[in-house]
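Values below: every heavy atom of this structure, side chains too, minus hydrogens, waters and symmetry copies. Protein chains get the first letters and strands the later ones, always in sequence-line order, with residue 1 at the start of each.
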Amino acid sequence: MRGAAVVVGVGESTYYKRGGATESEFQLACTAIRRAVADAGLTMADVDGFTSYMDRNEPVRLSAALGVGDLNFTAQTFGGGGNGAAAAVTLADAAISAGYAETIVVFRALAQGQFHRYGQAGRPRRTRGAGAFTAPYGMLSAAQTCAMQTMRYMHEHGVTQDSLAEIVLTCFEHAQRNPRAIRYGTPLTREEYHASRWIAEPFHLYDCCPENDGAAAIVVTTAERARDCAKAPVSIVAGAHGLEHRGGVAAFSYPGFPTAYHRHVGEQLWARAGVGPQDVQVAQFYENFTGPVLMAIAEMGFCEPGELNDFVADGNIRWPNGRLPINTAGGNLGEGYIHGFGNVVEAVRQVRGESTCQVENVELSLSVSGPGYAPGSAVLFGRG
Amino acid sequence: MSVLPEDWALPAPTAITEAWFTSRTIAVQTCAECGSRQHPPEELCHRCGAMSFTYPALSPNGTLHSYTVAHYAVNRALAPHVPYAVVLVSLDDAPELRVIGNMPGVPIEDIRIGMPVVAIWEEHHADDASVVHLPQWQPR
Ligand SMILES: [Zn+2]
């Protein structure tokens, strides 16, 4: 499909452990956006739109504070969770390709110190809707939701605990080369992984994304405008965001259970891009928890579920020698949990040749968002 | 007997969930127009879009489809109760329909995917004096 839009800038705030930020969430957002616009070689006055997902930082407030010019487009995705990260890029692509805006900042800011912690839940009293079928049984967290899916998936497909570990160890290893990463300088061994406490079986502590404070942003504009920018543009080859009929109904009463909600996304993405998983050199898979990463690898078409143990073993997903290095900046687990937007930024960096675990000759770079929560999304970047 | 605090969250039954939470049967929402069954109840039939339903009782037998054991208490009130298991049961009369629950009194190490289970009902009295019968599961 390859629309009219390209990525011309990336930026992040400092990433902090939860509560470690000296700035507010809004200030973190503004810092990341300023850095992304500066990286693009543009000014704030050039920006005329914002897209995001589940974000508290309103474009009206942002544009006033940042000195943005006339605002022409704003949008967020429906639905919960980091499943909107790649989708927010497709919103910008769609708006720019259709001419509603020229230069859109896609961003996500998250301060779990300032606001509520994703790993904790309030005390429900009387529950209605879908929550009436989960909360009374003590099923309250994303960890439990993804654990329920992963436990069945491991049972059906023989996926091992060591394959879950492989996702964590890969992320932590890659984070050792990334000075921006929260886990930079603190590697993890397989023994430490297996010895760590349970959170929600089959997830150990390290299977779960951390709670962090930070913000990340990219700048999307037209191919024409990109000629004035500081660096070579990165094209948005294709994006996908959606679900098959009844794919995500409450309490897991759908035929495809267990799923990471990426079967339909994968089909759509490859059909739109006119390429397949075998054409991709590097991929970022959003890690809320390790299990959904494995499920998404299979659902995006990289292997069959029964082949996952081999697909991730023996360094196959690790930089520099793996056949598909994943989460090359350290991912949510190792670099920092900015609700998965770091995985979008890193996918762009891989095309630019700016990763701290740079894969050689990257033509196509994939970012897959939010497995385990419906609907999923994914975006494929390529050379401009 | 409950695996959670006595005063833990209860459902607030609505028009479409009242049968499930008060009848002490596996009262599965069934479309009055096309006969399609769905769970949890929804305001429209997923198959034909109709808005009227019956709630006939299916067999209380099921098969344990998946589970997770919570070791981390996401709310402080749960801290004295971890670890506890949450199970997902496939109904034997309608295996595509799944029900979340606990297995009160059953040791966690006895819980296995594939085990045959049967529904029981816990009686809870809410603050407003209404009574909720919460389906739970036991080995059979
Ligand atoms: Zn119907």
Side-chain angles (χ1 to χ4, degrees), chain A residues 116-156 196-205 207-208 211 245-258 289 291, chain B residues 2-5 7-14 17 20-21 37-42 46-47 65-78 81-88 90-91 94-102 108 112-114 122 124 126-128 130 132 134-136:
Chain A
H116 79 278
R117 296 172 58 181
Y118 280 1
Q120 299 210 318
R123 180 162 190 174
R125 294 289 174 182
R126 301 301 296 273
T127 53
R128 291 178 173 78
F133 295 85
T134 53
Y137 301 103
M139 178 126 173
L140 298 155
S141 70
Q144 289 170 294
T145 299
C146 293
M148 191 72 93
Q149 296 158 308
T150 301
M151 189 73 91
R152 179 70 196 188
Y153 196 83
M154 293 170 79
H155 175 82
E156 281 184 18
S196 69
R197 62 194 168 94
W198 292 114
I199 298 296
E201 292 180 40
F203 297 148
H204 285 279
L205 174 66
D207 289 295
C208 305
E211 295 169 323
H245 177 61
R246 298 190 76 250
V249 297
F252 307 124
S253 281
Y254 45 82
F257 176 88
F289 310 95
Chain B
S2 174
V3 305
L4 300 178
D7 58 348
W8 186 246
L10 284 178
T14 64
T17 65
W20 182 265
F21 288 122
R37 296 187 292 215
Q38 56 192 20
H39 182 83
E42 179 50 289
H46 284 175
R47 186 165 159 213
H65 195 70
S66 191
Y67 69 98
T68 178
V69 181
H71 291 259
Y72 176 74
V74 294
N75 182 280
R76 199 179 310 138
L78 297 172
H81 299 266
V82 293
Y84 63 87
V86 183
V87 301
L88 181 67
S90 255
L91 299 177
E96 73 281 11
L97 301 183
R98 303 192 183 101
V99 183
I100 288 168
N102 307 122
I108 289 171
R112 300 226 189 300
I113 288 177
E122 277 180 358
H124 292 270
D127 292 346
D128 61 1
S130 63
V132 170
L134 207 57
Q136 296 283 22

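- The choice from A:Thr150, A:Leu140, A:Thr134 that makes the most heavy-atom pairs within less than 4.5 Å of chain B is A:Leu140.
- Under the 30°/60° scheme for interplanar angles, the aromatic rings of A:Phe252 and A:Tyr254 are found to stand perpendicular.
- A:His116 has its ring centre less than 6.0 Å from the ring centre of A:Tyr118.
- For B:Arg47, there are no salt bridge (charged side-chain N to carboxylate O under 4.0 Å, His left out) partners at least two apart in sequence or on another chain.
- Chain B forms more heavy-atom pairs under 4.5 Å with one residue of A:Gly138, A:Gly119, A:Pro202, A:Ala135 than with any other, namely A:Gly138.
- Interface check for chain A: of the options B:Pro135, B:Ser90, B:Gly114, the most heavy-atom pairs under 4.5 Å are formed by B:Pro135.
- When B:Pro41, B:Pro40, B:Pro83, B:Pro5 are compared by the number of non-hydrogen pairs under 4.5 Å with chain A, B:Pro40 comes out ahead.
- Although no hydrogens or angles enter the test, the distance criterion places no donor-acceptor pair under 3.5 Å between the side chain of B:Thr68 and the main chain of B:Val86.
- Contact tally against chain B (heavy-atom pairs below 4.5 Å) for A:His155, A:Gln120, A:Met151, A:Met139: the top residue is A:Met151.
- Side-chain atoms of B:Tyr72 and A:Gln144 include no donor-acceptor pair closer than 3.5 Å.
- Considering every non-hydrogen atom in both B:Gln38 and B:Leu97, the closest pair reads CA-CD2, 4.0 Å.
- Proximity to chain A is limited to the side chain of B:Tyr84, based on heavy atoms less than 4.5 angstrom apart.
- For the set A:Trp198, A:Phe203, A:Tyr153, the count of heavy-atom pairs under 4.5 angstrom toward chain B peaks at A:Trp198.
- Only the side chain of A:Arg246 comes within less than 4.5 Å of a heavy atom of chain B; its backbone N, CA, C and O stay farther away.
- Nearest heavy atom pair, residue A:Tyr137 against residue B:Leu4, reads C-CD1, 3.3 Å.
- Residue contact with chain A, scored on non-hydrogen atoms closer than 4.5 Å, involves the backbone of B:Val87 exclusively.
- Interface residue B:Ile100: backbone and side-chain heavy atoms are both found under 4.5 Å from chain A.
- Every pair passing salt bridge (charged side-chain N to carboxylate O under 4.0 Å, His left out) that includes a residue from residues 124-137 of chain A is listed here, sequence neighbours excluded: A:Arg126-B:Asp128.
- When B:Glu96, B:His39, B:His65 are compared by the number of non-hydrogen pairs under 4.5 Å with chain A, B:His65 comes out ahead.
- Most heavy-atom pairs under 4.5 Å with chain B: of the set A:Pro255, A:Ala250, A:Ser141, this distinction falls to A:Ala250.
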